[in-house]
Asks: 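The following block contains the structure, expressed as structure tokens.
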2 protein chains.
Amino acid sequence: MANRHTQTCAIAAALNILGDHWTLLLVREAFYGATRFGEFQRNTGIAKTLLSDRLFFLEKEGIFRKEDVGERGTRYAYYLTEKGRALETVMIALMQWSNEYVYGRGKEPVQLLDRSTGKPVPQLQLRNRKGEALGAMDVAFRAGPGASKATRRRLESIE
Amino acid sequence: MANRHTQTCAIAAALNILGDHWTLLLVREAFYGATRFGEFQRNTGIAKTLLSDRLFFLEKEGIFRKEDVGERGTRYAYYLTEKGRALETVMIALMQWSNEYVYGRGKEPVQLLDRSTGKPVPQLQLRNRKGEALGAMDVAFRAGPGASKATRRRLESIE
DNA sequence: CTGTATCCTTAAAGATACTG
DNA sequence: CAGTATCTTTAAGGATACAG
């Protein structure tokens, strides 16, 4: 990234944390079970300097938690925090979109299965409180308590 | 991005399309209703050269569709395609994560409301075929038909 | 194994000016 | 309004060597 986004916007804020070349791949690895520096490096191909940077940053952001596993503090493990695990919906949404629209049916690199039944996990679906599916046009975006003037103006101009 | 990712991976493939500084902000604008070059520019602050590049690329990728709206092909509108609209779950997942973990309750810049009832949209939730909620550890990642040898090996080593 | 310190190269971001 | 052409700057990515 050249600069950070300065807009008061949930997407922009998320991009400031997750929106670089490698971060989501590191999060993916963590979901796959990686915990060690070397695992992250081998499984993604990221340079060591970058990996060091990213892990430090992501720990600072509260997405990873670093834990000693060696005798003299020479071995470490990185675990997702609750904030990190909460990225599951983001990960799954990206995987499902990519499987369906980039690779296409029958060419998915990774399938998502319900561990207890072995059956595919259905597409993520936005639902209302009654459990009814919501379509793209059923969702309204309204300025929240933390909205800036610009955001408020932007959202009120929608329709 | 310096390079494209070369791994056979749904996340990596998605990042090759969406993973730059601006793209998801442009998609956000489209969901908010923007269709014109100038709207995208003003509402995001992106440079015109970049915007031109991105719109061209995203049209090539089948996420936006460009349509003439002027008399002599001098005015255009950009609409999300089905592939683009399918990014809704990605967008919503990012917004909900950011609202909850970056801004925090009561400080959300944007609220998501069910248009027909005006009530907040519940968190996206992964469910199995019976509609039961799935937790982070209930999902298994298995190599699919399009998996590379490396992916297959990686996934089989998980547990 | 888990990093840090340097250095170098590339390309992404963006300002400015111009066009139909 | 909707771009394109150029040029400059900056920073991100990554190779290499070294260290506890």
Side-chain angles (χ1 to χ4, degrees), chain A residues 1-7 11-12 15-27 29-30 33-61 64-79 157, chain B residues 1-7 11-12 15-27 29-30 33-61 64-79 157:
Chain A
M1 279 173 297
N3 292 322
R4 313 186 77 248
H5 291 291
T6 54
Q7 289 186 32
I11 299 288
L15 287 176
N16 281 338
I17 298 175
L18 309 170
D20 82 297
H21 200 54
W22 291 106
T23 295
L24 283 176
L25 251 38
L26 299 178
V27 171
E29 277 305 310
T35 61
R36 308 296 294 274
F37 188 93
E39 283 183 285
F40 286 106
Q41 204 207 340
R42 280 191 308 279
N43 292 329
T44 63
I46 190 175
K48 290 164 75 173
T49 38
L50 283 182
L51 178 55
S52 183
D53 271 11
R54 291 305 176 276
L55 288 175
F56 190 84
F57 175 72
L58 292 170
E59 192 194 353
K60 194 194 81 182
E61 292 292 337
F64 281 109
R65 170 173 49 84
K66 184 176 184 174
E67 221 171 72
D68 275 48
V69 292
E71 301 77 33
R72 296 173 308 280
T74 179
R75 299 294 144 86
Y76 306 98
Y78 296 87
Y79 296 105
S157 79
Chain B
M1 275 174 297
N3 292 322
R4 314 187 77 248
H5 291 290
T6 54
Q7 291 187 29
I11 298 288
L15 287 175
N16 281 337
I17 299 175
L18 309 170
D20 82 297
H21 201 52
W22 293 106
T23 295
L24 284 176
L25 250 40
L26 300 179
V27 171
E29 277 306 309
T35 62
R36 307 296 294 273
F37 189 92
E39 283 183 285
F40 287 105
Q41 204 206 340
R42 279 191 309 280
N43 293 330
T44 63
I46 189 174
K48 288 165 76 174
T49 39
L50 283 183
L51 178 54
S52 183
D53 271 12
R54 291 303 177 278
L55 287 175
F56 189 84
F57 175 72
L58 291 171
E59 192 194 354
K60 195 194 80 181
E61 292 292 337
F64 281 109
R65 171 173 49 83
K66 183 175 183 175
E67 221 172 71
D68 276 47
V69 292
E71 301 77 32
R72 297 173 308 280
T74 178
R75 296 295 145 86
Y76 307 98
Y78 297 87
Y79 296 105
S157 78

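Just so we're on the same page: letters track the sequence lines, and every chain starts at 1. Only this structure's heavy atoms are used, side chains among them; waters, hydrogens and symmetry mates stay out.
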Asks: Given C:dG3, C:dC1, D:dG3, identify the nucleotide with an atom nearest to the side chain of A:Arg42.
Replies: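 The answer is C:dC1.
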Asks: OP1 or OP2 of C:dT2 versus the side-chain N and O atoms of A:Arg36: is any pair under 4.0 Å?
Replies: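 Affirmative; the distance criterion is met.
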Asks: Whole angstrom is fine here: how far is it from CZ in B:Phe40 over to P in D:dA2?
Replies: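 Checked: the CZ to P distance equals 11 Å.
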Asks: So, does A:Asn3 get its side chain near the phosphate of D:dT10, meaning an N or O under 4.0 Å from OP1 or OP2?
Replies: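 Indeed not, no polar side-chain atom of A:Asn3 lies that close.
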Asks: Mind calculating the distance between CD (A:Gln41) and P (C:dT4) to the nearest angstrom?
Replies: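 For the pair A:Gln41 CD and C:dT4 P, the rounded distance is 13 Å.
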Asks: Under a 3.5 Å cutoff on both atom distances, Watson-Crick or G-U, what's the dot-bracket for DNA chain C ([ ] crossing, | other strand)?
Replies: ||||||||||||||||||||
Asks: Can you check the B:Phe57 CZ to C:dA12 P distance for me, whole Å?
Replies: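 Taking atom P of C:dA12 as the reference, CZ of B:Phe57 is at 11 Å.
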Asks: With sugar-phosphate meaning primed atoms plus P, OP1 and OP2, does A:Tyr78 contact a base, only sugar-phosphate, or nothing at under 4.0 Å between heavy atoms?
Replies: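 Contact class for A:Tyr78: sugar-phosphate only.
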Asks: Expressed as a whole number of angstroms, how long is the span from B:Glu67:CD to D:dA2:P?
Replies: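 One finds 14 Å between P of D:dA2 and CD of B:Glu67, rounded.
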Asks: Nearest whole Å is fine: how far is D:dG13 C1' from A:Asp20 CG?
Replies: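 One finds 11 Å between C1' of D:dG13 and CG of A:Asp20, rounded.
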Asks: Whole angstroms only, please: what is the CG-P distance between A:Leu15 and C:dA13?
Replies: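 The answer, rounded to whole Å, is 12 Å.
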Asks: If the cut-off is 4.0 Å, is A:Tyr76 near the phosphate of D:dG20, judged by side-chain N/O to OP1 or OP2?
Replies: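 Answer no for this pair, as no side-chain N or O of A:Tyr76 is under 4.0 Å from OP1 or OP2.
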Asks: Listed in order of residue number, which residues of residues 46-55 of chain B have a non-hydrogen atom at under 4.0 Å from DNA chain C?
Replies: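 Result for residues 46-55 of chain B: B:Ala47, B:Thr49, B:Leu50, B:Arg54, sorted by number.
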Asks: Could you state the atom-to-atom distance from NE2 of A:His21 to P of D:dA12 in whole Å?
Replies: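 In whole Å, D:dA12 P lies 13 Å from A:His21 NE2.
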Asks: With a cut-off of under 6.0 Å to the ring centre and 45° to the axis, is A:Lys66 in cation-pi contact with A:Tyr78?
Replies: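 Judged by the rule, A:Lys66 and A:Tyr78 form no cation-pi pair.
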Asks: Any side-chain heavy-atom pair from A:His21 and B:His5 closer than 4.5 angstrom?
Replies: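 When only atoms from C-beta onward are counted, B:His5 and A:His21 do touch, with a gap below 4.5 Å.
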Asks: Taking atom P of D:dA12 as reference, at what distance in whole Å does atom NE2 of B:His5 sit?
Replies: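 To the nearest whole Å, that distance equals 15 Å.
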